[in-house]
2 protein chains.
Amino acid sequence: MSIRDVAAQAGVSPATVSRVFTRPDTVAADTRRRVIAVADELNYTPHPVARSLAQGRTGTIGIVVPDIANSFSAVTIKAVQKEARRDGFTLFVAGSDEFALDEERWARAMAAQVDGLLLVSPQMSDDTLLALAGMTPVVMTNRLLDGIPAVLTDAYEATGHAVEHLYALGHRELVYLAGPDGYSNEVRLRGFRDACGRLGIAASELGPFSARFSAGLRAGDLVLATSATGVVAYNDEVAVGVINRLADRGIRVPQDVSVVGHDDTQLAEMVMPRLTTVRIPAAAAGAAALGMLLDMVAGRDGAVHGPLRLPGELVVRASTGPAGPVGGKDEDDRS
Amino acid sequence: MSIRDVAAQAGVSPATVSRVFTRPDTVAADTRRRVIAVADELNYTPHPVARSLAQGRTGTIGIVVPDIANSFSAVTIKAVQKEARRDGFTLFVAGSDEFALDEERWARAMAAQVDGLLLVSPQMSDDTLLALAGMTPVVMTNRLLDGIPAVLTDAYEATGHAVEHLYALGHRELVYLAGPDGYSNEVRLRGFRDACGRLGIAASELGPFSARFSAGLRAGDLVLATSATGVVAYNDEVAVGVINRLADRGIRVPQDVSVVGHDDTQLAEMVMPRLTTVRIPAAAAGAAALGMLLDMVAGRDGAVHGPLRLPGELVVRASTGPAGPVGGKDEDDRS
DNA sequence: CATAATGATGAAACCGGTTTCAGAAACAGT
DNA sequence: ACTGTTTCTGAAACCGGTTTCATCATTATG
């Protein structure tokens, strides 16, 4: 059960057994064989907690996401987990329900027992972030703060492309549905505004809305009260919510109104009409962030130079279409 | 930084400091105050790993789900996390991508460093399960195995209700789209078959399909090759996939074909038409399972008597409708 | 007042590993 | 045969807490 039992049984010292499991090459071949034989006869396996204490590293990294149930988070987690396992690390996952206080609490709780912390779109204060970074290596995504390495998914250009796309389809009045305050929303909004300005399109904003379907429903009603024919939503869930509400009110997408989302979550391909959206490379961002983090953990200081920017990309599907003068498009647009 | 530093600074023994943090009531009020003062002046906080080693418990429970990105899993995780935190436990999350080998690996890796293990719809072998249960307290959901406490979400009746619902709408030929082998699929299939038998409906099966949207697309084509007018899918994602593919082929839901899903994930309300589905109480099941697990961990042996069964419930929405002789229903069924 | 019970504290063992350091043994070179 | 390396192993300290047990001071009890 313990290392001393194995040692006794194999007639060696605990130190040797330990070596067999940590640096096998430093122990003579036959000794090693004997120890291993005894070990798996007793089916002994080193106690991870004890090992962590002794080595001062846990082989664990923590990740805090805004909302586990959100498909965007899920994709990130998945990518990170895959990367982490490749390097022999396991993952502590916490979801904060977009609630900054929870987020901080989880992060602090984890900070003490992980080798590094990956914060996805953190909402907490700068001070808190810096405090955390003082306790353990921290990398974050979609948040910019001097002194903490970050991976940014930069939708600025792609959001602009979305606007251009709508412009090309004839839309002349657009509305942006804001998400929760933070880097992502700010960049998307800026991309939207700047492109509208450049093209001379009437641009307005609604929100902020929480980044959920239900908020999208509500947003849908508000959109109805405007005369906009094109909607750019903070994320796909909101976009889908809008489309649903509009449908309930007899407004068809894309015939009457065009809608663009953000993130390109699984949802985008599942709904009808399939959603035109700005793809955010969540998996790539997660993997990259983890890579940086592991570099920091291992003392290989990569990454310390400026944040990494990964561009988004407009994906055109079926929720955007020509702006009709009064919505007089033909009904059948199946491809 | 360490407990001895605090002890020295406060002029007490390490033991006393430890007591202040574990059973504050056993130390004199003024001593306690002094220690606390010193502690947060040095902003000392007990090292969780060391504490775990000494106490023999980690304050951590592990959960393994089939697929983090699946909304059903996400809901479960969320519920479990909420419960866990209430009791001061943190969560280790692992997703197995529906791959039994991964699942086993994760479970084993976790088993050694958590106080208990929660397995959601595990696919691994009985032997492996029992081996795990021998290492640490284990509770599972949607899997039945003697000797391991479980929470079962029992869709049998509700799936039958779905069949009756379709029958009442005039459907006389139904097809079931099987999911991955396992308890859930088995129960759903049985509920489907028995109800069809009872009502004298023609029943066939296709699959098994993996429980994903993409598999649903494929299933949609296969459905087209049958003459069934009613489809009962293993889960919502598959159901939505079917609907999409049918739409691409010009078949309307629910006018031409009715579709029922399972799980009642967020997706069900997001798609159009909104999905009629058998709600599975994932959150309740997760919470209940965690409750049992914590009982076991704490030595309060609740739960050891037989598995807990939570019934499903048919939720009728807009993806099911009257079976027309040749689909000659009116087009406008907005509520 | 003597004695028992109660309460607060510290010394030391312990949880289960890792790692430094030094010594023994084997080997190479001249 | 002698010295200098190299390889292998064990003793013991250590990681940072918790907990048992004994001690001592204090208060309650007869």
Side-chain angles (χ1 to χ4, degrees), chain A residues 1-40 42-60 88 109 111-115 135-136 299, chain B residues 1-40 42-60 88 109 111-115 135-136 297-299:
Chain A
M1 177 194 217
S2 104
I3 205 175
R4 332 229 176 214
D5 300 333
V6 178
Q9 182 83 16
V12 299
S13 79
T16 299
V17 178
S18 176
R19 276 188 278 259
V20 168
F21 284 95
T22 48
R23 294 187 316 283
D25 46 305
T26 66
V27 41
D30 51 346
T31 312
R32 190 188 328 140
R33 266 192 296 278
R34 186 153 36 95
V35 169
I36 289 180
V38 172
D40 56 35
L42 271 52
N43 70 61
Y44 161 84
T45 181
H47 192 317
V49 176
R51 174 176 284 199
S52 299
L53 180 59
Q55 294 187 145
R57 16 168 282 117
T58 58
T60 292
Q113 52 195 310
V114 298
D115 292 340
M135 317 176 53
T136 188
Chain B
M1 178 195 215
S2 105
I3 204 174
R4 332 228 178 218
D5 300 333
V6 178
Q9 182 83 14
V12 298
S13 78
T16 298
V17 177
S18 175
R19 275 188 278 258
V20 168
F21 283 96
T22 49
R23 292 188 315 283
D25 46 306
T26 66
V27 41
D30 52 344
T31 312
R32 191 191 322 145
R33 266 192 297 277
R34 186 154 35 96
V35 169
I36 290 180
V38 172
D40 55 36
L42 271 53
N43 73 60
Y44 161 85
T45 182
H47 192 317
V49 176
R51 175 177 282 200
S52 298
L53 180 58
Q55 294 187 147
R57 14 168 285 117
T58 58
T60 292
Q113 52 194 312
V114 299
D115 292 340
M135 316 175 55
T136 188
V297 170

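Naming convention: chains lettered A, B, ... in sequence-line order (proteins, then strands); numbering from 1 in each chain.
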### Query
Measuring from B:S52:OG to B:D115:CG, what's the distance to the nearest 0.5 Å?
7.5 Å
### Query
Has the side chain of A:R19 got a donor or acceptor atom that lies under 3.5 Å from a matching backbone atom of A:T26?
no
### Interatomic distance where CG belongs to B:D5 and C1' belongs to D:dG17 [whole Å]
13 Å
### Query
Any side-chain heavy-atom pair from A:Q113 and B:T58 closer than 4.5 angstrom?
no
### A:Y44 side chain near C:dG17 phosphate (N/O to OP1/OP2, under 4.0 Å)
yes
#### Entry: Interatomic distance, A:N43 atom CG to B:M135 atom CE [nearest 0.5 angstrom]
8.0 Å
## Note on the structure
Taken to the nearest whole Å, CZ/A:R57 to C1'/C:dT19 is 15 Å
### Task
Spell out, as yes or no, whether a donor-acceptor pair under 3.5 Å connects the side chain of B:R32 to the backbone of B:V20.
no
### Task
Mind calculating the distance between CD1 (B:I3) and P (D:dT19) to the nearest angstrom?
11 Å
### Query
Side-chain N or O of A:S2 less than 4.0 angstrom from OP1 or OP2 on C:dG16?
no
### Query
Would a distance-only check, ignoring hydrogens and angles, find a side-chain to backbone donor-acceptor pair under 3.5 Å from B:S18 to B:P14?
no
### Task
Grab the CZ-C1' distance between B:R23 and C:dA8 for me, whole Å please.
12 Å
Atom pairs, N/O to N/O, protein against nucleotides 9-15 of chain D, distance under 3.5 Å?
| residue | atom | partner | partner atom | Å |
| --- | --- | --- | --- | --- |
| D:dT9 | OP1 | A:T31 | OG1 | 2.2 |
| D:dT9 | OP2 | A:A28 | N | 2.9 |
| D:dG10 | OP2 | A:S13 | N | 2.9 |
| D:dG10 | OP2 | A:S13 | OG | 3.3 |
| D:dG10 | OP2 | A:T16 | OG1 | 2.7 |
| D:dG10 | N7 | A:R19 | NH2 | 2.7 |
| D:dG10 | O6 | A:R19 | NH1 | 3.3 |

